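Right, one structure below, let's go through it.
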Amino acid sequence: MKKRNTFSWVLEFAGRKKVYFGGSVILAIIGVAVSFIPYLIIADIVSHLLMGNTDHRYYLKAVVIMGICWAFRVTFHSLSTTLSHVATFSVLGGIRSQLCEKLSKIPLGSVLDDNSGSYKNIIVERVDSMETTLAHIVPEFTANILLPICMFIYMLILDWRVGLANLISAVIGVLLAAVMMAKSQGEFEVTVKKTKYLNDTAVEYINGIEVIKAFGKTGSSYEKFVKAAREGADCFINWMRDCIWWQSGSMAFMPATFLGVLPVGLYLVKNASLSSEEFITCIILSAGLITPLIVAFSYIDDIMMMKTIFGEVTEILEREEMERPDVLMEIPNGNDISLKNVRFAYKDKEVLHGISMDIQNGKVNAIVGPSGSGKSTIARLIDSLWDVESGEITYGGVNIKNLPLDYYSRQISYVAQDNYLFDRSVMENIRLGNISASDEDVINAAKSCGCHDFIMGLENGYDTIVGGAGGHLSGGEKQRIAIARAIMKDAPIIILDEATANIDPENEKELTEGISNLTKEKTIIMIAHRLKTVRDADKIIVIDKGRVVQQGRHEELINEEGIYRNFVSGRKEAVSWKLA
């Protein structure tokens with residue numbers, strides 16, 4: 001996918017509410033234009049005074065008009081700001097939704113390349129930082145630059161020499177601003193990097209607080225966080241230190257239009273090539289340029305940061321999505337799954353080397369093998385969390401790349417060893433399997449996997465909030481709720497990735513019965529290390545170093561020389577092992 005420039009993204013985001021932003025810009029231009037009228041009136045008043053006009057009614061009328069212009073200026077500015085902010089916050093909400101939707105469409109590996117703290121920083125802080133660009137720079141910077149240009153053209157018409165004299169301070173200011181922006185770009189990128197690291201460190205520290213306390217590593221772990229926090233603060237100080245003088249100089253010179261107008265104008269008046277009235281008019285108009293220029297160039301910092309701020313957001317939006325159609329073009333025939341010469345790599349390291357296997361509809365298929373052999377990777381590829389590098393995976397004879405993601409996801413229930421629960425009630429977490437399910441359906445699903453009794457023992461029963469990532473529950477309780485959620489989904493294919501690993505022996509029988517209820521008349525793909533979990537499978541597939549090395553039933557494989565026999569022997573020894 002070709003990378004787009006920042007300006008095109010700004011136009012796209014603003015275009016989502018173009019009527020609002022267009023109205024905001026028009027109102028801002030009118031507001032700034034109205035604010036220039038008093039300067040023209042003042043110039044006219046000075047001219048009348050020099051001519052000896054003593055008509056008080058003229059001066060009173062002029063003052064009233066200036067007051068009305070001031071009221072209109074405030075009104076139009078308020079309306080412009082209101083429109084731009086209404087549009088901006090709507091757009092920012094849409095961008096956040098777009099980011100979350102994008103993360104669901106890109107391969108899991110691409111998502112996992114970044115820490116969750118980084119995503120939180122981008123989706124919350126970085127998107128918030130876009131508010132200045134959309135709500136202020138689009139209308140206000142546009143208006144406060146456009147009208148000074150128009151006034152500058154008017155001054156050129158009055159006297160081109162005085163008009164050009166206005167540019168002297170602007171040129172100096174732009175040069176200073178260019179130096180500041182050149183220095184600032186690199187410093188700002190450092191602050192973004194340090195802030196990301198601080199977020200990641202904070203998330204790591206909080207998530208690992210139990211381990212830190214258990215192993216007495218509070219000091220060293222806290223030092224890492226403190227160091228990250230200090231670097232996060234120091235980078236902003238360094239950024240300011242490197243740029244403050246250049247920025248101050250730019251802000252001092254940019255609006256200092258008198259620096260060129262006064263000496264040039266006085267020289268022209270002295271040589272009688274410019275009238276006093278025209279000179280005074282040019283001075284007053286030049287003074288009128290100061291305020292909008294100050295407003296416009298107060299956004300220099302924000303314009304400079306725009307590329308980095310938008311870049312982090314758009315980098316996610318520009319990532320390659322998994323290749324999937326939007327509509328179902330070919331209906332699968334049954335629920336058989338086949339892997340044909342599948343290869344897959346994590347970044348540059350290939351971990352699956354030409355995997356081929358058939359998983360038949362309504363059968364229990366166990367995948368076993370040493371740790372790191374690629375078992376969970378196969379399960380995730382089948383669940384379409386990643387795309388294969390080469391080869392293909394078919395469902396009902398159809399390549400899963402030719403099936404819409406939402407359709408295919410409804411065909412699979414994936415129960416991992418460490419399932420995630422949202423910070424909602426138990427009832428809501430189970431209902432995620434089928435959002436249209438009634439409370440009674442949820443309770444029945446919980447009963448079928450032995451969850452009901454322990455849930456009713458919680459403080460608020462099914463209304464108990466489970467905490468972030470299910471932190472208020474034990475590992476076994478979270479796993480049983482995840483099983484209930486999978487039962488609620490009622491998908492034809494079930495993937496169990498060490499689904500009983502966190503279950504205590506007292507509850508294992510109930511959970512096993514729950515899994516039996518979940519897997520009736522389903523296609524089962526089971527990844528497990530416990531012998532009794534896999535020995536009754538219809539097919540056992542043995543994986544080693546990213547390759548299929550054995551396939552068959554337990555009775556067949558136990559009589560063959562190979563990894564499976566060693567696996568069984570090792571499990572029997574582990575069961576009989578005890579402390580002396």
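This is a predicted model, so every value here is computed, not measured.
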Backbone of His452 reached by a side-chain donor or acceptor of Lys447 within 3.5 Å | no
State, yes or no, whether a side-chain contact exists between Ile355 and Ile543 at a heavy-atom distance under 4.5 Å.
-> yes
Contacts of type salt bridge (charged side-chain N to carboxylate O under 4.0 Å, His left out), residue Glu561, not counting sequence neighbours = Arg565
Does Thr314 use its side chain to pair, donor to acceptor, with the backbone of Phe310 at less than 3.5 Å?
-> yes
Test side chain to side chain contact (heavy atoms under 4.5 Å, CB included) applied to Asp358 - qualifying residues, sequence neighbours left out = Ser338, Lys539
Point-to-point distance, once rounded to the nearest 0.5 Å, from CG of Asp544 to CZ of Arg547 = 9.5 Å
Would you say the side chain of Phe344 lies within less than 4.5 Å of the side chain of Val388, judging by non-hydrogen atoms?
-> no
Mind checking salt bridge (charged side-chain N to carboxylate O under 4.0 Å, His left out) for Lys105 and listing every partner two or more places apart, or none if nothing turns up?
-> Glu101
Evaluate side chain to side chain contact (heavy atoms under 4.5 Å, CB included) for Gln98 paired with Leu317, printing each intermediate quantity in order.
-> CA-CA 8 Å; Gln98 187 178 357; Leu317 297 178; 3.7 Å; yes
Pairwise distance CG(Leu458) to CD1(Ile465) - rounded to 0.5 angstrom = 11.5 Å
Where the side chain of Asn402 meets the backbone of Val398, is there a donor-acceptor pair that is under 3.5 Å apart?
-> no
dist Leu432:CG -> Met488:CE (nearest 0.5 Å) comes out at 11.0 Å
Does a sphere of radius 6.0 Å around CD in Glu459 hold more than 12 heavy atoms from other residues, nucleotides or ligands, not counting ones at 6.0 Å or beyond?
-> no
Sequence neighbours excluded, which residues qualify as side chain to side chain contact (heavy atoms under 4.5 Å, CB included) partners of Glu428?
-> Arg424, Ser425
For Asn361 and Thr523, does a side-chain donor sit closer than 3.5 Å to a side-chain acceptor?
-> yes
pair Phe21-Leu134: side-chain heavy atoms closer than 4.5 Å = yes
Output every pair passing salt bridge (charged side-chain N to carboxylate O under 4.0 Å, His left out) with a member in residues 379-389, not counting sequence neighbours, ordered by first then second residue.
-> Arg324-Asp387
Flag the pair Leu496 / Ile524 as yes when at least one side-chain heavy-atom distance between them is below 4.5 Å, and no otherwise.
-> yes
Does Leu405 reach the side chain of Met322, with side-chain heavy atoms less than 4.5 Å apart?
-> yes
Partners passing ring-ring contact (aromatic ring centres under 6.0 Å, His included) against Tyr408 (at least two apart in sequence or in another chain) = Tyr395
Within the side chain of Arg431, is there an N or O that forms a donor-acceptor pair under 3.5 Å with the backbone of Ala437?
-> yes
With sequence neighbours left out, what residues match Ser376 under side-chain hydrogen bond (donor to acceptor under 3.5 Å, both in side chains)?
-> Asp497
Sole residue of Asp336, Ile382, Val364 in side chain to side chain contact (heavy atoms under 4.5 Å, CB included) with Ile359 = Ile382
Output, in order, the C-alpha distance, side-chain angles, deciding distance and verdict of side chain to side chain contact (heavy atoms under 4.5 Å, CB included) for Ile541 and Val368.
-> CA-CA 6 Å; Ile541 303 166; Val368 301; over 6 Å; no
Carefully, step by step, assess Thr394 and Ile337 under the rule side chain to side chain contact (heavy atoms under 4.5 Å, CB included).
-> CA-CA 6 Å; Thr394 62; Ile337 293 177; over 6 Å; no
So, are Lys401 and Glu392 salt-bridged, with charged N and O less than 4.0 Å apart?
-> no
Taken to the nearest 0.5 Å, the spacing of Asn434 CG from Arg410 CZ works out to 11.5 Å
Are any of the side-chain heavy atoms of Pro332 and Tyr407 separated by less than 4.5 Å?
-> yes
Might you point out which heavy atoms bring Asn341 and Ser356 nearest each other, and give the distance in Å?
-> N-OG, 2.8 Å
For Tyr20, all residues meeting ring-ring contact (aromatic ring centres under 6.0 Å, His included), sequence neighbours excluded | none
Is the side chain of Lys375 donor-acceptor paired with the backbone N or O of Pro370 at a distance under 3.5 Å, no angle test?
-> yes
The reported gap from OG in Ser413 to NZ in Lys489 (rounded to nearest 0.5 angstrom) is 5.0 Å
Listed once per pair and sorted, the salt bridge (charged side-chain N to carboxylate O under 4.0 Å, His left out) pairs that draw on residues 88-98, sequence neighbours left out | Arg96-Asp128
Under 3.5 Å, side chain of Asn365 to main-chain N/O of Lys363, donor-acceptor pair present?
-> yes
Any donor-acceptor pair under 3.5 Å from Asp441 side chain to Ser438 backbone = yes
Report the residues that fulfil side chain to side chain contact (heavy atoms under 4.5 Å, CB included) with Ala135, sequence neighbours left out, ordered by chain and then residue number.
-> Ser84, His85, Thr88, Glu131
Could you tell me whether the side chain of Lys102 and the main chain of Arg319 form a donor-acceptor pair under 3.5 Å?
-> yes
With sequence neighbours left out, what residues match Lys18 under side chain to side chain contact (heavy atoms under 4.5 Å, CB included)?
-> none
With sequence neighbours excluded, tell me which residues meet side-chain hydrogen bond (donor to acceptor under 3.5 Å, both in side chains) with Arg485.
-> none
Does Leu352 reach the side chain of Arg343, with side-chain heavy atoms less than 4.5 Å apart?
-> no
